[in-house]
Amino acid sequence: MNMIQNLPWLFLVLPLLVAAIDWLCFSKCPKTAATLSTLSAAATFGLCIAYLSGLQTGIPGVYVWMPTASAALDLHLGLITDDLAMRMMLVVTGIGLLVHIFSIGYMKGDSSNLSRYFAGLSIFMFSMSTIVLADNLAMTFIGWEMVGFSSYLLIGHWFHKASAADAAKKAFITNRVGDFGFLLGILLTIGVFGTLTFADMGNVSGTAVAPALLTAMVICLFCGAIGKSAQFPLHVWLPDAMEGPTPVSALIHAATMVAAGVYMMVRLQVSMGTEIFTETACLVISTVGAITAVMAAIIATQQDDIKRVLAYSTLSQLGYMVMAVGLLAGEAAMFHLYTHAWFKALLFLGAGAIIVCCHHEQDIWKMGGLAKRMPLTVLCFLMGTFALIAVPGFSGFFSKEAILDAAIVNHPTFFWIGAGVAAITTFYMTRLCLVAFLGSARDHGAEHATEAGPTMVLPLLLLAVMAIISGYGFMADKLVPAEGFTAPGFHFGFTFYVSLGALVLGLAAAIVVYGWGKRERDPLAGNFISKALRNRLYIDAIYDKLVIGGIQECGARIIEFIDFVVIRGLLVQGISWLVGRFGVLLSWLQCGSLRAYSCITGLGLLIIIIIIAL
């Protein structure tokens with residue numbers, strides 16, 4: 001019976017075991033490593049389907065990891081298997097499996113160590129599963145840090161490229177900043193609730209706690225989400241993370257890792273109760289999400305790299321979700337997380353297929369005419385685009401409407417911000433499709449492009465189906481990571497007409513500016529606004545010059561002071577000088593004069609007599 005009850009531990013044990021085997025035993029056998037990792041992903045996906053189909057195994061065993069004087073504060077390893085966790089696991093394992101299959105075709109012929117690549121994917125699956133299934137914040141933090149480690153491995157997989165190595169370090173270090181705040185929030189949680197276990201938090205009321213302390217606790221915990229979900233001002237790592245292989249972008253930076261922050265905040269709302277989230281904390285969370293959504297959307301309008309356009313789109317959509325969390329609309333946030341996972345993974349994998357078939361060209365202005373040469377891939381990409389820009393009937397339409405409905409009820413300002421972001425999203429995604437898919441080929445890579453292979457097309461087709469139907473009630477009611485969720489469906493009202501107006505406005509603006517793919521260059525490029533957007537509003541430059549450069553310069557000055565003044569000046573040269581002066585003093589005594597020696601002897605005797613007398 002214990003074995004059956006502990007079946008959920010396979011979500012963690014299986015990918016971790018496979019990662020170790022791939023790394024240690026099959027480093028020279030990439031095909032075997034790929035097969036093992038893919039089978040591991042398939043097994044965990046099948047187990048998740050079994051759970052969602054009604055497989056009951058009781059409560060998984062809990063193992064004490066670090067006992068303390070108080071049983072409530074024992075650090076233990078335990079799993080939670082409620083609807084929120086298991087439905088989130090479907091997203092993680094489902095997209096993880098498709099990414100594994102896609103990677104087999106995408107990485108074929110790659111000269112890098114593919115065993116290391118697939119081991120990294122398995123480590124990530126273990127790490128993300130730990131975050132989702134952990135029944136306490138301490139175990140969540142372990143998964144949190146492991147996700148950072150695995151993303152470091154995967155972003156920097158092509159470490160021989162300086163840009164990839166730098167991007168991996170940037171992602172790792174930036175996330176550490178947010179994780180420091182997260183750790184402070186965990187310590188404050190102990191002070192407020194006296195426990196880190198999610199199930200026990202609901203038994204403690206926060207009414208007796210000072211609102212300022214609750215606000216500090218929530219904002220510190222939110223710092224972890226700012227890092228992992230790439231919210232302003234820690235958003236800078238995500239666009240650079242595109243230096244990793246495109247399947248990594250689909251798995252980590254579109255569907256799962258970056259959604260961990262949103263999932264964690266919703267888990268806290270479910271466990272602690274929404275009353276713990278003070279008005280100030282909610283306003284901070286919603287404002288950060290809104291700023292990120294707007295900023296990322298306008299930057300995306302002037303990006304030419306197809307993966308960077310999608311990266312900033314991810315930032316913007318995550319801003320939507322975080323804004324919904326701040327509005328205490330956790331169900332809407334998780335609904336959009338769920339639909340976004342499928343269609344954004346589709347877009348990234350579609351972009352990967354396009355990049356491979358265009359001989360690793362990523363500039364959309366060097367593409368063109370791909371609709372004729374890669375019709376199936378382009379069709380799948382368009383399905384993802386329609387979901388992203390919220391065309392009525394596609395999954396993204398329903399989840400975006402849910403967020404806008406929550407915003408107009410709770411805070412109308414955020415409703416209009418969301419509607420404006422929707423229009424900008426439609427503009428930049430239409431721009432991408434017009435430039436890359438229509439017109440004639442602008443470069444030899446696009447001119448000789450052919451349809452992607454079956455291992456890449458099959459995941460695209462499955463994700464395209466999900467991009468269309470995943471928002472409808474017959475599927476969403478059973479799969480959206482939220483307790484008792486019911487899909488809103490079609491309803492014609494103010495929100496619908498505003499959303500439709502944003503869609504039409506964005507489409508019309510993009511067609512007017514870019515025509516039907518016959519432009520040879522971006523007509524909006526060249527002015528100071530375009531330059532600012534192409535340079536990411538100079539935020540990265542400010543960090544490099546002021547924050548990183550300033551810290552390095554300040555640190556260098558401090559080290560220089562310690563080196564030259566303290567170590568060299570006082571310790572080394574100071575001691576040397578002191579010994580030299582002492583030697584000179586002693587040399588005066590050793591002068592060779594009998595009269596001087598007699599005088600010194602008499603003076604010494606006199607001192608001894610005085611000491612004895614006293």
Side-chain angles (χ1 to χ4, degrees), residues 1-51 55 57-66 75-81 85-86 88-104 107 112-136 138-154 157 245 247-248 251-252 256-257 260:
M1 183 64 180
N2 286 336
M3 183 178 296
I4 297 296
Q5 282 190 331
N6 285 319
L7 204 60
W9 284 100
L10 283 177
F11 284 115
L12 277 61
V13 173
L14 195 57
L16 184 62
L17 181 63
V18 167
I21 293 173
D22 283 353
W23 210 310
L24 299 176
C25 302
F26 297 113
S27 60
K28 303 298 183 183
C29 306
K31 290 185 178 179
T32 305
T35 301
L36 280 176
S37 289
T38 304
L39 289 176
S40 168
T44 53
F45 177 69
L47 185 60
C48 189
I49 292 293
Y51 267 86
L55 175 65
T57 62
I59 300 174
V62 177
Y63 303 94
V64 177
W65 168 36
M66 193 179 297
L75 298 182
H76 63 266
L77 303 178
L79 303 183
I80 190 167
T81 55
M86 297 313 300
M88 185 67 188
M89 280 302 298
L90 179 72
V91 174
V92 173
T93 57
I95 293 177
L97 175 59
L98 294 177
V99 166
H100 277 75
I101 296 171
F102 186 90
S103 295
I104 294 173
M107 300 297 286
S112 60
N113 188 334
L114 295 185
S115 297
R116 174 166 51 84
Y117 172 79
F118 281 99
L121 288 181
S122 293
I123 292 175
F124 174 80
M125 295 295 288
F126 157 76
S127 307
M128 192 65 204
S129 299
T130 303
I131 291 177
V132 174
L133 296 175
D135 75 341
N136 64 87
M139 189 173 172
T140 299
F141 190 73
I142 295 173
W144 207 261
E145 296 306 299
M146 284 299 298
V147 161
F149 168 69
S150 55
S151 68
Y152 171 80
L153 293 178
L154 292 169
H157 176 70
V248 170
L251 178 63
I252 296 181
T256 53
M257 172 182 167

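By convention here, the first residue in the shown sequence is residue 1.
No donor-acceptor pair under 3.5 Å is formed between the side chain of T44 and the backbone N or O of T93. A donor-acceptor pair is defined here as one N or O able to donate and one able to accept, closer than 3.5 Å; such a pair exists between the side chain of S37 and the backbone of F118. Formation of a donor-acceptor pair under 3.5 Å by the S129 side chain with backbone atoms of M125 is found in this model.
Separating the CD1 atom in I131 from the CZ atom in F141 is a distance of 10.5 Å, to the nearest 0.5 Å. Of the inter-residue distances, the one linking K31 atom NZ with L114 atom CG reads 11.0 Å to the nearest 0.5 angstrom. Here the CG atom belonging to L12 is positioned 10.5 Å from the CE atom belonging to M146, to the nearest 0.5 angstrom. Rounded to the nearest 0.5 Å, atoms CD1 (I80) and CG (L133) are 9.0 Å apart. The distance from atom CE of M257 to atom CH2 of W144, rounded to the nearest 0.5 Å, is 9.0 Å. Considering OG of S40 and CG of L97, their distance stands at 10.0 Å, rounded to 0.5 Å.
Closest of all the heavy-atom pairs between L154 and V248 is CB-CG1, 3.7 Å. Between P247 and S103, the shortest heavy-atom contact is CB-OG, 3.3 Å. What you find for H76 and N136 is that their closest heavy atoms are O-ND2, 3.1 Å. Of all the heavy atoms in S115 and N113, the pair that sits closest is N-OD1, 3.1 Å. Across every non-hydrogen atom of M139 and G78, the tightest pair is SD-O, 3.2 Å. Taking both residues in full, the closest heavy atoms of S127 and S150 are given as OG-OG, 4.0 Å, listed atom of the first, atom of the second, then distance.
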Stepwise side-chain contact (heavy atoms from CB on, under 4.5 Å) test for L153 and F124:
CA-CA 9 Å; L153 293 178; F124 174 80; over 6 Å; no
Can F45 and L98 be said to form a side-chain contact (heavy atoms from CB on, under 4.5 Å), step by step?
CA-CA 10 Å; F45 177 69; L98 294 177; over 6 Å; no
Quick one, V132 with F11, criterion side-chain contact (heavy atoms from CB on, under 4.5 Å). Give me CA distance, side-chain angles, the key distance, then yes/no.
CA-CA 10 Å; V132 174; F11 284 115; over 6 Å; no
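A perpendicular orientation is assigned to the rings of Y117 and H157, their planes being inclined by more than 60° (bins at 30° and 60°).
Contact of the T32 side chain with the P30 side chain is not registered, since no non-hydrogen atoms from C-beta on lie closer than 4.5 Å. The shortest side-chain heavy-atom distance between W9 and L77 falls under the 4.5 Å cut-off.
Counting non-hydrogen atoms of neighbouring residues, nucleotides and ligands closer than 6.0 angstrom, the OH atom of Y152 reaches no more than 12 such neighbours.
Side-chain atoms of D22 and S122 form no donor-acceptor pair, as typed in the model, at a separation below 3.5 Å.
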